[in-house]
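Step one of this worksheet: look at the structure below.
Note: hydrogens, waters and symmetry copies are ignored here, and every other heavy atom, side chains too, is used. Letters go in sequence order (proteins before strands), and every chain restarts at 1.
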Amino acid sequence: MRKLSYAQAINEGLKQMMREDKSVFLIGQGVTSPWYVGTTTVGLLDEFGDERVIDTPVSENGITGAAVGAALAGMRPIVTHPRMDFMYYAMDQIANHAANWYYMFGGKINVPLTIRGIINRGGEQAAQHSQALQAIFTHIPGLKVVMPSTPYDAKGLLISSVQDDNPVLYIDDRWLYELKGDVPEEIYTVPIGRGVVREAGKDVTILATSYMAYEATKAAARLKKEGIDAEVIDIRSLKPLDEALIFESVRKTGKLVIADAAWKTCGMAAEVSALVSENIFECLKAPIKRVCLPDTPAPASSVLEEVYFPKDKDIILAVKSII
Amino acid sequence: MRKLSYAQAINEGLKQMMREDKSVFLIGQGVTSPWYVGTTTVGLLDEFGDERVIDTPVSENGITGAAVGAALAGMRPIVTHPRMDFMYYAMDQIANHAANWYYMFGGKINVPLTIRGIINRGGEQAAQHSQALQAIFTHIPGLKVVMPSTPYDAKGLLISSVQDDNPVLYIDDRWLYELKGDVPEEIYTVPIGRGVVREAGKDVTILATSYMAYEATKAAARLKKEGIDAEVIDIRSLKPLDEALIFESVRKTGKLVIADAAWKTCGMAAEVSALVSENIFECLKAPIKRVCLPDTPAPASSVLEEVYFPKDKDIILAVKSII
Amino acid sequence: MKQCSNPITMELVKGIPTTVLWKIYMTMLKIRMVEEKIADLITRKEIICPCHLYIGQEAVATGVCTALENNDYVFSTHRSHGHYIAKGGSIKLMMAELYGRVTGCSRGRGGSMHITSPLVGLPGSSAIVAGTIPLAVGTALAFSIKKNGGVSVAFFGDGATDEGVFYESLNFAALKKLPIIFICENNLYSTHMHISARQLNGNIYKKAQIFKMPGIQIDGNNVLEVFQAASEAIEDARNGKGPTLLECMTYRWRGHVGPNWDIDKGLRSKEEVEWWVDNCPLKRLEEFLLKENILSESKKKQISKQVNEEIEEAIEFAKESPFPDKSEVLNDVFKS
Amino acid sequence: MKQCSNPITMELVKGIPTTVLWKIYMTMLKIRMVEEKIADLITRKEIICPCHLYIGQEAVATGVCTALENNDYVFSTHRSHGHYIAKGGSIKLMMAELYGRVTGCSRGRGGSMHITSPLVGLPGSSAIVAGTIPLAVGTALAFSIKKNGGVSVAFFGDGATDEGVFYESLNFAALKKLPIIFICENNLYSTHMHISARQLNGNIYKKAQIFKMPGIQIDGNNVLEVFQAASEAIEDARNGKGPTLLECMTYRWRGHVGPNWDIDKGLRSKEEVEWWVDNCPLKRLEEFLLKENILSESKKKQISKQVNEEIEEAIEFAKESPFPDKSEVLNDVFKS
Ligand SMILES: Cc1ncc(C[n+]2csc(CCOP(=O)(O)OP(=O)(O)O)c2C)c(N)n1
Ligand SMILES: Cc1ncc(C[n+]2csc(CCOP(=O)(O)OP(=O)(O)O)c2C)c(N)n1
Ligand SMILES: [Mg+2]
Ligand SMILES: [Mg+2]
């Protein structure tokens, strides 16, 4: 099959959705810039014009609210935040408005909105330019949250997000942008709420989010050489969560390591751990381990970044501690 | 000893800290209002004047930032948010600025700030006027988070928060305001980072936050009548967390129910559960249960509120499911 | 500040059909009577959810919404009843909502601060100050992309202009020449705080200038002045001339929330309240219509009776409606 | 827009001692030379962290900070080097920070966007657009409560005036008459976007009016004009007359981030860049000082040599400094 990079896959997904459906439009900082959001929006302005590819002043809350309002009027906006760090400014519109609307109004009016938050870290960008905030959005009811880790999923989940009738937080990671993989040319969807087994195994389950799925696969390959047979689950959707897939795997392996490159405390890894010990405690044969960021802001110096961001070797250590 | 209500205890704590230390001042919406923050600020304007008791326009982000800035200039501000729901507007200043500052600048300059967030729910106030956001703030590195459940702790933890050299999120709950209890007249502190055993027991540990500690104590009394001996931990500080106390109790009981009246997914209950199964898995004799809000926004109708907010009976059910 | 007690003049009714004037009168009366009734129901603890009454401000919602089409969108606030009624929302469904019943416009999940009527162009109201301002901008953006001629309206209070998102919204709307009207109902207070304790320069309409947007201050207690000013702004918006900020000077008679009058708490004076009660927007219109023989005593009675019946019916409907089933608490988090 | 190429006149130097003029010149030269050096070090991959260069804007930081006392506070942005140097921060500690060393002013944890020097009154800089504006307001509030005569300064770009918190901050500062100066460095761009694509009414200084605050637009490339305007605003602030918004028209020569010139990407024209390079703030001052014999050729050389030595020493210091120990990653989350 044809190979595309992760960034190209997003770009194609955006393009095809905008061609397919006149109600889809793109709004946010940098969507017309040649560098601001990687190359993910290249060519869109030329094809669709500035009425549907709307670059904006830095007014995160106002612009996010405008996207929500447009969704209420029947559009399917994709509002883009070039870094998750900037989304704190837009929290009120995301949490108090987009997330609550459908429930609060008794299901009378919904918000078909894609909120794209980009994780952009490393390169000594430090504490305010490195954050991965999936846990916060997964905590808030009313938001779906997806985190693709492959080009195939990047396109498929983007299309599902745009077609979904609810606010979906689509989180992509610039560390994955150059990754290449099979991507069908046609429009296809990857279902929101379904994880996928990337490597089958029987000794231990490694559940990973986004970029960490890539590290987990590397870890599994190295573990295999040492005779440890790890199953890698790329969970893809944080909400709704594919509990069945998780439980099935842990029932088999009895051991679980969760890798999520975000803060540990009250993070997604904590949630998966709690779910498992709440529901299939009897199958557990060892402590559940979390591979996450330490509970500190991101440091600048490369030397510190090196220890700050978890990698395959950290997963391997965690696996070995419970094998 | 003299009894005060929870609201009076906060009021006294504020008054004494402002008398004691000229650098302490109060800022935020409603701090001069007779009703906006219950009676917790009554009399302060008269005693300290409008230079140190500053009521403000609705500009949550700007005002919170101003409090952070004042702290950077050596003051010890207490910035008040009459509802946690409004704090989404102020997330950027709390998360990107207050929380990061000390770390990001290599420990060269700190932020001695108390951020008071009030939980104000029930009474059919619905989704945007009911939220308890402790998990979000506990997730973010650089913030301490405390949640007193008694008048004694309300005053003692407030004083500790004000005296702390870091940003502390002090979360009080209006459902506790009328609760009476012993409160010493003098200035005293309750250490941040220390939980407390409210009821000793051996069969099961019930760990609770804030108002749920009160419900947990009621639950424990009813369970005792049925021959179940529950230990109740009021954790008081969510960050730093008194892990030693938790582990000690669960080592003894082997069973854990966590009660936190906030959303379940990626919440504080998930964190405690994950910590326990990560560190003392071998002591666990049963699934860890969470008693939390369901993952939905808060509904208005009293009929729905009744099932939405967890109570002692929900704790009892959870305990019985693992006994 | 604009003088808010100029008499209503014949000049203002020029070109307005009598039936429209009757409708305006009826809408204002309906809002007034509904709100008085709700005040009563709160006192009697029939209604539990927090209600922010609109009494005294009826001319604003009425003047603006009368100038709109059904397809135009209006976004409301915590003080929502007036906008909902003026835009044509069903009183039955609203009353059931306030009673927390499953037949309510929001199935009992929203309460007073969250009422909705998508079919008449009210996608909802928010309890977050300034929260719906960017939403209305987004709706205007949608209309402008769709080129369907729709106009969007954001209702908000003077307090909302203290929030940064108000400025972000004005900037973006002006920049993109969106079909939106910003209606600031300046009732002088944000909860317990007078505007002079919140802004040095209370003239909110002037804030429009810095975005190169027309800003106009009007007597918000003169419904015909509101109607005329809104009509012009709406026409401009519909014709691609961009947004307008209308500052409507008005006053809420009751306290910030609930039925109390909120005097004697040191927050506002009896004299101030009395001045505004004297300057009642409903009375001013009624007296004018009667004087000019646009409204007869018998027509007046007929309207009043009709409104009264509608309200009684709504209350009956609400009281007879079932509460939501407990299982409803988990429904509608996501649309499937 | 204000004309930004008026010649520097003798009138502007009236009352300014020669030593101060030399200091101004030296500060601008230092900023320029440091930034040129950093551009070079980035190209050579010695410096990794993202740097937003200040070349072309030197007159603003220099003019303002020269008018301040050591105890006054200044808050900076992602484009931080100029403010840090002008306020008296140590180049050594800054350079070590850019090199990610533990000897850096932020122990290597902050990088270019987070440099600090509390002792000279720079509590820090933020990478969040508009993030430090309310912080500066808070510092001014602290000064006003302490009544210590301090003045606070918020430096920010034109892009920051798109954020709502900018307005909230101006409103509160004006309301409370706080001792703060808002310095908007209008370099016409926010990343890739020209101001005309972001605001209909580009005159940022006029935004002050709606808060009853003086707003002044000045030639930000004329350091003496900046110095005089800042001095007046600072005096007013110190004397309890409240805040001022100064809009300083200027230009960044390089691209938004890093050393590139950012031409030929369709974002700005070569002509535009050349016009501003011709209008170099440093050259304008230097030519004026030489012409008026305030600066001799030998003094000029001496200053340049001194600055050069300081920079070389700083780089040496940085390069010889150790990296933070890996365990440092966990330190200083909380002060104990
Ligand atoms: C973000 C936020 N902050 C504070 C509040 C509390 N609050 C509710 S209504 C209100 C006053 C708003 O005043 P205004 O906008 O003038 O509307 P009015 O009540 O006068 O109609 C405030 C501060 C809120 N609901 N949302
Ligand atoms: C909240 C936020 N949104 C977006 C960005 C990305 N960003 C970094 S600098 C910048 C431009 C700011 O422009 P301006 O304030 O004029 O400063 P300049 O770069 O021109 O000095 C932007 C948008 C950011 N850092 N923070
Ligand atoms: Mg008001
Ligand atoms: Mg700029």
Can you check whether anything in residues 62-69 of chain A gets within less than 4.5 Å of chain C, heavy-atom wise, and list it by number? A/Gly62, A/Ile63, A/Gly65, A/Ala66, A/Val68, A/Gly69
Only pairs of heavy atoms separated by less than 4.5 Å count here; which of C/Ser126, C/Gly124, C/Gly150 has the most with chain A? C/Gly124
Under 4.5 Å to a heavy atom of chain C? For A/Phe25 that would be side chain
C/Phe334 vs A/Tyr102, test: ring pair (Phe, Tyr, Trp, His ring centres under 6.0 Å). Steps then yes/no. CA-CA 7 Å; C/Phe334 293 120; A/Tyr102 188 64; 8.7 Å; no
Please flag which part of C/Tyr167 lies under 4.5 Å from any non-hydrogen atom of chain A: side chain, backbone, both or neither. neither
C/Leu178, C/Asn331, C/Thr132: which one forms the most heavy-atom pairs within less than 4.5 Å of chain A? C/Asn331
So, A/Asp165 and A/Arg76, do they make that salt bridge, N to O below 4.0 Å? yes
Can you check whether C/His81 and C/Tyr54 have ring centres sitting under 6.0 Å from each other? no
Near-ring test C/His114/C/His78, centroid separation under 6.0 angstrom: no
Between C/Phe143 and C/Tyr73, is the ring centroid distance below 6.0 Å? yes
Report which part of A/Asn166 has an atom under 4.5 Å of a heavy atom belonging to chain C: side chain, backbone, both, or neither. side chain
Residue C/Leu175 versus chain A: region with a heavy atom under 4.5 Å: side chain
Interface residues of residues 45-58 of chain A facing chain C - non-hydrogen atoms under 4.5 Å apart: A/Glu51, A/Arg52, A/Ile54, A/Asp55, A/Thr56, A/Pro57
